[in-house]
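Please read the structure below before turning to the comments.
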Amino acid sequence: MPDKPRLLVIGSANMDLVVTAERVPRRGETLSGGEFKMVPGGKGANQAVACARLGAETHFVGRIGADAFGETLRQGYEREGLRIEHLVTDPDAPTGIAMIIVDADGDNSIVVAPGANKRCLPADLEPLEAVLDEVHCLVLQLEIPLDTVRAALRMGRERGVTTILDAGPPRALPPEVVALVDVISPNETEAEALLGRSIADVASAEAGARRLLQMGAAAAVMKLGAWGAVVATPDEVSHIRAQRVEAVDTTAAGDAFTAAMAVALAEGQSLREAVEIAVCAGALAVTVFGAQPSLPTREKLAEFCQDRGCRASLSP
Ligand code: ADP
C-alpha cells in the first residue's frame, strides 16, 4: 500500500433494528415479517468502519448514549480498529436507532430516531485540530446537525484537507455549505432534495451534477444504484456503469461507495479512478445482508476489481 491513507469521519452512530418483510406495510396495517436482526449502523459509523476495513487509519467522531446499544457500538468500533478517542458518550441522550424494513426486492425503508446524534454540536470539534493536521480526507454526512457539518467543513478547508460530503439523508443545503465541499456525493433522492428537480435517468443526473458544481462544489459524484454513478468536475462529466451483481440488501451500498472513494482519494488516486473503485465497493455491499456486515475489506474489494477487469483498484 502507498502512504497509509488517513481519514477523519464525523457523523452518526446508530443501532439498526432490521426486519425483513414481503413489502412495506400500508398505513395502519400490520404485517407478519421474517427474521429480526440488530446490526450496528448510522451513516457516519458505517463509513468509518468501511474506511477502516479498506485499510485506512480512520478516526471516528460522533455521539452515542450511555446505554447498552452505545456500549455494544463502542466495542464494535474497537474491534474494527477505529480511532475513537474523540467519540463522545452523552449522559443525557439515548444512542440513535434506525428501524429498517427490507422488502422482498432487497430495497429498504427506514425511520431514524437520532438520539445522541442530534447533540453532536460544533463544540465536539474543538479537540480535532491536531487530527485534521494529520488526515488526507474529512468525510461527513447529514445525520448530525448542519451547524456541526458546516463548522467541520470549514476546519477541513482551512487545513487543506479534502472535504467529502455524502449528502444523505435527503435535505436542501445552503450554498455556503456546498461551497466548502471538494466532493459532494448524493444518491438520486438526495440529489433531488439538493437541486429541487427530479433525477430520472443518466442524462438528468449529469445535468444535476453540473448544477452542483455551479452551486459551488469543486466536484460532484452522483450515486445511481443499479445505473452506477456520474462524476462531474469542471473539466469532464462522465457516467460509470454499475457492476452487475445479485442484489440481496441495498443497505449501506452508498456508505461502502463513499468510503471506497474517500480511501482511494486519500491514497492519491484521481477522482475518476476513485469512483470506479467505489462502484465496485457499492456492488459488493448489495450482495450481503445488513449495514456494517456488508462493508467489504480491502482484500475483497481488490479481488473483485481484478475479477471484473477494472482499470482502477486499491492495491491488495
Ligand atoms: P444509497 O445506498 O446511498 O442509496 P445507491 O443505492 O445509489 O446509494 O448505491 C451506491 C452505489 O452502489 C451505486 O452508485 C452503485 O455503484 C452501487 N449499487 C447500488 N445498487 C446496486 C445494484 N443493484 N447493482 C450494482 N451496483 C449497485
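Numbering of ligands and ligand atoms starts at 1, following listing order. Index from 1, following the sequence.
Tested against Arg63, the residues Asp124, Thr89, Thr95 include a single side chain to side chain donor-acceptor pair (under 3.5 Å) partner, Asp124.
Residues Lys37 and Asp16 are not paired through a salt bridge, judged by the lack of any N-O separation under 4.0 Å between the basic side chain and the carboxylate. With respect to the salt-bridge test (charged N to carboxylate O, under 4.0 angstrom), the residues Arg23 and Asp105 do not qualify.
Protein heavy atom closest to atom 22 (C) of ligand 1, with residue, atom name and distance, is Ala226 CA, 3.9 Å. The nearest protein atom to atom 3 (O) of ligand 1, hydrogens excluded, is given as Asn187 ND2, 3.2 Å; this is a heavy-atom distance. Ranking protein heavy atoms by distance to atom 9 (O) of ligand 1, first place goes to Ala253 CB, 3.6 Å. Remark: minimum distance from atom 11 (C) of ligand 1 to any protein heavy atom is reached at Phe257 CD1, 3.7 Å. When only non-hydrogen protein atoms are considered, atom 24 (N) of ligand 1 lies nearest to Val245 CG2, 3.8 Å. Protein heavy atom at the shortest distance from atom 12 (O) of ligand 1 is Gly282 CA, 3.3 Å. Remark: minimum distance from atom 2 (O) of ligand 1 to any protein heavy atom is reached at Gly254 N, 2.9 Å. For atom 25 (C) of ligand 1, the closest non-hydrogen atom on the protein side is Gln243 O, 3.1 Å.
Counting heavy atoms from C-beta on, the side chains of Met261 and Val183 come closer than 4.5 Å. The closest side-chain heavy-atom distance from Val161 to His136 is not below 4.5 Å.
Screening residues 26-61 for ring-ring contact (aromatic ring centres under 6.0 Å, His included) gives Phe60-Tyr77 as the qualifying pairs, with residues at least two apart or on separate chains.
Near Val286, meaning under 4.0 Å from any of its heavy atoms, are these atoms of ligand 1: 19 (C), 20 (N), 21 (C). Near Leu224, meaning under 4.0 Å from any of its heavy atoms, are these atoms of ligand 1: 7 (O), 14 (O). Each of the atoms 17 (C), 26 (N) of ligand 1 lies under 4.0 Å from some heavy atom of Ala283.
Nearest to atom 7 (O) of ligand 1 by heavy-atom distance, out of Ala229, Ala285, Gly225, is Gly225.
A side-chain donor-acceptor contact under 3.5 Å links Gln269 to the backbone of Ser313. Although no hydrogens or angles enter the test, the distance criterion places no donor-acceptor pair under 3.5 Å between the side chain of Arg241 and the main chain of Gly228.
Gln75 CD: more than 12 foreign heavy atoms inside a 6.0 Å radius.
An N or O contact shorter than 3.5 Å links Gly228 to ligand 1 by distance.
Proximity of Gly168 to ligand 1 is not established, as no heavy-atom distance is less than 4.0 Å.
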